[in-house]
Amino acid sequence: RLNQFEVQYQPQYSAQGSATGLEALLRWRHPVRGLVPPSIFLSVAEESNIIVPLGLWSIRATCEQMALWRTDPLLNHLPVSVNVSAKQLQQPDFAEQLESILAHTGINPALLILELPCSALQPAHPDLTRMLSRLSAMGVRLSLDNFGAKSSSQDMLTQLPLFQVKLSQTLVQRLGPNSASEA
């Protein structure tokens, strides 16, 4: 029942206060329960493999919205980040599906940022690395999400075609003078 899901867009700002991008957030608006928190439905979606079609729908809906924003001078230049699940990345046709969505919507692929879960990339399997390189070659930017939450490998930072790295809250909270986390 994908018609109960929606994508909401959270703005991202620079330190100076200007908008630098948007993050697409998947939300479930249940007809009886109302807005169901992602902390509840995402784990169920992962366990039941519904996350694969749901994640693809989320990417498609985001790209369709970005296509509508092409004529909006306030939004047409802003990159939009979309979370991708580990199970989506395991799909052998993920790159082809994304390529089809990009062709259908005609959006600038450089404005799409896929946020990849750190846990899905350890260890970086050669097939996964090739697929991520293919996505990068399409012009899509890749972001490593939640780096440092667990035993993140710094090798990923050099092996993968990453545009950005988002640090985990736990890593940032451990930062400080003479901290091993700071290194």
Review point. Considering only heavy atoms from C-beta outward, does the side chain of L111 approach that of V80 to under 4.5 Å?
Key: no

Review point. Does S100 use its side chain to pair, donor to acceptor, with the backbone of E96 at less than 3.5 Å?
Key: no

Review point. Would you call E47 and K87 a salt bridge, taking side-chain N to carboxylate O under 4.0 Å as the test?
Key: no

Check your understanding: Are F94 and L135 close enough, and set up right, to give a side-chain contact (heavy atoms from CB on, under 4.5 Å), and what steps lead you there?
Key -> CA-CA 9 Å; F94 180 71; L135 297 176; 3.9 Å; yes

Review point. Are the side chains of Q4 and V36 in touch, meaning some heavy atoms are under 4.5 Å apart?
Key: no

**Study point:** Student check: side-chain heavy atoms of L89 and P117 closer than 4.5 Å
**Key:** yes

**Study point:** Derivation of the side-chain contact (heavy atoms from CB on, under 4.5 Å) call for E23 and E115
**Key:** CA-CA 10 Å; E23 184 167 1; E115 289 193 8; 3.5 Å; yes

Exercise for review: Please tell me if the side chains of C63 and I59 come closer than 4.5 Å, counting only heavy atoms from C-beta onward.
Suggested key: yes

Practice item. Applying side-chain contact (heavy atoms from CB on, under 4.5 Å), run through E64 and H104 and close with a yes or a no. Key: CA-CA 9 Å; E64 288 171 352; H104 171 74; 4.2 Å; yes

Practice item. Can you spot which of L78, L75, T62, L25 makes a side-chain contact (heavy atoms from CB on, under 4.5 Å) with Y9? Key: T62

Review point. For the side chain of R70 and the backbone of G106, is there at least one donor-acceptor N/O pair under 3.5 Å apart?
Key: yes

Review point. Is there a donor-acceptor pair closer than 3.5 Å between any side-chain N or O of S18 and the backbone N or O of S14?
Key: no

Check your understanding: In Å, rounded to the nearest 0.5 Å, how long is the span from CD1 of I51 to CG of L56?
Key -> 11.0 Å

Check your understanding: Between W57 and V7, does a side-chain contact (heavy atoms from CB on, under 4.5 Å) hold up when you go through it step by step?
Key -> CA-CA 10 Å; W57 176 87; V7 178; 3.9 Å; yes

